[in-house]
Protein chains: 2
Amino acid sequence: MEQETRLEATPGTVRPGGRTAKVRTAVLAATQEALVEGGFHALTPDRVAAVAGVGKTTVYRRWRSPAGLVADLLRDMAEQSLPAADTGSLEGDLRANAALVRDTLTDPRMGPVFAAVIAAAACDQECADALHGFYATRLAEWAPAVERGLGRGEVPAGTDPLEVLRAVSAPLYYRFAVSREPLTADVAERAASAALAAARAGAFVF
Amino acid sequence: MEQETRLEATPGTVRPGGRTAKVRTAVLAATQEALVEGGFHALTPDRVAAVAGVGKTTVYRRWRSPAGLVADLLRDMAEQSLPAADTGSLEGDLRANAALVRDTLTDPRMGPVFAAVIAAAACDQECADALHGFYATRLAEWAPAVERGLGRGEVPAGTDPLEVLRAVSAPLYYRFAVSREPLTADVAERAASAALAAARAGAFVF
DNA sequence: TTACTAATGGAACAGGAGACCCGTTTGGAA
DNA sequence: TTCCAAACGGGTCTCCTGTTCCATTAGTAA
């Protein structure tokens with residue numbers, strides 16, 4: 001009897017084929033476009049609907065808010081993750097990781113997207129969860145690189161692989177999102193070498 | 001003749017005394033309150049005006065937007081900065097710095113404020129500049145601690161003091177704003193010890 | 001192919017954000 | 001103390017955001 005008062009399922013879950021999928025693709029593309037153009041504050045559902053060529057009612061119904069759009073975009077991005085590097089040495093892998101992060105954040109398209117995602121996560125719990133999940137996935141993908149280094153004895157036994165990877169990314173994201181300093185190539189190299197030096201000294205052994 | 005079309009000075013700059021200063025104090029307090037209550041998206045000029053007991057016209061005229069409020073709050077915070085520690089050893093000073101950053105970000109009042117500031121900086125250039133300036137000030141205040149360590153030979157000659165400090169803060173802010181992982185006390189200690197280990201290994205020598 | 005209904009999209013509507021006008025208050029100089 | 005204009009504040013207006021209603025389109029099972 002209370003069934004009609006329950007939360008109805010999000011549209012798109014019962015008939016995910018054909019049109020529904022096309023609409024999602026178009027809306028997420030328009031979302032990314034809007035973020036590149038004018039950042040998070042330019043991400044109005046109205047505009048996204050117009051660019052995507054769908055009714056604005058649909059956008060409001062399926063994504064609720066700008067933060068909902070960003071969260072879904074993030075989930076979509078998490079699915080298309082790139083494979084981690086394997087250069088044969090831990091130093092090479094960490095340098096590759098740092099360069100990848102740096103290239104992503106300075107990319108004219110991906111940079112604004114990540115800035116918006118970080119902003120949205122500060123406002124919206126759904127976005128915060130999606131962002132947390134995104135980095136958990138990323139770290140898990142790169143963990144084997146550090147584990148290979150452990151096997152080769154490049155860092156002390158007991159070193160936490162995830163903590164090494166966080167140490168590589170952290171200085172880059174800190175400059176990108178917080179202190180707003182430029183992300184030059186040598187910043188990335190320094191992040192990798194500092195993380196490696198700390199790991200070698202046993203700073204990440206628990 | 002084009003004088004009437006020029007940008008008029010921001011209100012509050014010609015007569016900064018008495019009422020104008022009181023209004024600014026009340027508005028910034030209400031801004032902080034709103035951020036603590038509901039985060040950046042709860043920061044509506046209307047609400048701030050009501051809580052501060054001033055006309056909403058005044059808020060729109062002097063601060064323009066939510067981001068303008070955050071930027072001014074940030075400038076106000078930069079003026080009341082705490083003195084850096086001096087424990088006698090570089091390790092002690094870096095630990096104190098990490099603990100200070102961690103305590104600030106986990107503080108029930110300051111945490112939401114910093115989250116909002118980071119979000120606003122991603123949307124608004126004025127905020128981004130204010131945030132950049134804030135951390136430039138903070139780093140400059142703590143630089144002497146590293147320079148004392150340099151003088152004591154605790155890190156190699158040529159080490160960049162600011163880079164050491166960035167290495168301490170970065171993992172904490174990364175978890176706070178990006179990966180959204182909990183900020184425990186041992187995270188702060190590890191940030192300090194990892195930065196020190198990297199510095200000792202010469203990772204921050206240019 | 002047919003039937004059923006999930007999902008979309010257009011239109012009309014309410015609610016609030018933000019700008020404008022203008023009278024009132026008050027800081028600061030003479 | 002007097003005067004002038006900087007700054008404030010209430011009222012009003014407009015535009016845009018976000019919601020609701022319902023007709024139309026199109027997946028999916030039979």
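The structure presented is a predicted model; accordingly, all values stated were derived computationally and were not measured. In what follows, chains are A, B, ... by sequence order, proteins preceding strands, each numbered from 1.
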Point to revise | Partner set under ring pair (Phe, Tyr, Trp, His ring centres under 6.0 Å) for A:Y174, not counting sequence neighbours | key: B:Y173
**Study point:** Separation of atom CG in A:L43 from atom P in D:dG18, rounded to whole Å
**Key:** 10 Å
Exercise for review: Under 4.0 Å from any atom of DNA chain C, heavy atoms only: list the residues of residues 48-64 of chain A that qualify, in numerical order.
Suggested key: A:V54, A:G55, A:T57, A:T58, A:R61, A:R62
Check your understanding: Rounded to the nearest 0.5 Å, how far apart are CG of A:L196 and CD of A:E91?
Key -> 6.0 Å
Check your understanding: With sequence neighbours excluded, what pairs up with B:R166 under the salt bridge (Lys or Arg N to Asp or Glu O under 4.0 Å) test?
Key -> A:E181, B:E163
Check your understanding: Which pairs, with at least one residue in residues 27-55 of chain B and sequence neighbours excluded, count as a side-chain hydrogen bond (donor to acceptor under 3.5 Å, both in side chains)?
Key -> B:E33-B:R109, B:D46-B:Y60
Exercise for review: Not counting sequence neighbours, which residues clear side chain to side chain contact (heavy atoms under 4.5 Å, CB included) with B:L74? List them please.
Suggested key: B:M77, B:V117, B:A130, B:L131, B:F134
Point to revise | Sequence neighbours excluded - salt bridge (Lys or Arg N to Asp or Glu O under 4.0 Å) pairs with any residue from residues 113-133 of chain B | key: B:R75-B:E126
**Study point:** Contacts of type side-chain hydrogen bond (donor to acceptor under 3.5 Å, both in side chains), residue B:D86, not counting sequence neighbours
**Key:** B:R148
Point to revise | Residue pairs, two or more places apart or on separate chains, that pass salt bridge (Lys or Arg N to Asp or Glu O under 4.0 Å) and touch residues 52-68 of chain A | key: none
Study note, to complete from the structure: Among C:dG18, C:dT25, C:dT8, the one nearest any side-chain atom of B:P45 is C:dG18
**Study point:** Helix axis bend for the helix from C:dT1-D:dA30 to C:dA30-D:dT1 - C1'-based end axes, five pairs, 10° rounding
**Key:** 50°
**Study point:** Partner set under side-chain hydrogen bond (donor to acceptor under 3.5 Å, both in side chains) for B:T106, not counting sequence neighbours
**Key:** none
Practice item. Could you list by number each residue of residues 26-39 of chain A showing a heavy-atom separation from DNA chain C of less than 4.0 Å, or answer none if no residue does? Key: none
Practice item. Tell me, please, which residues at least two apart from A:R152 pass salt bridge (Lys or Arg N to Asp or Glu O under 4.0 Å). Key: A:E154
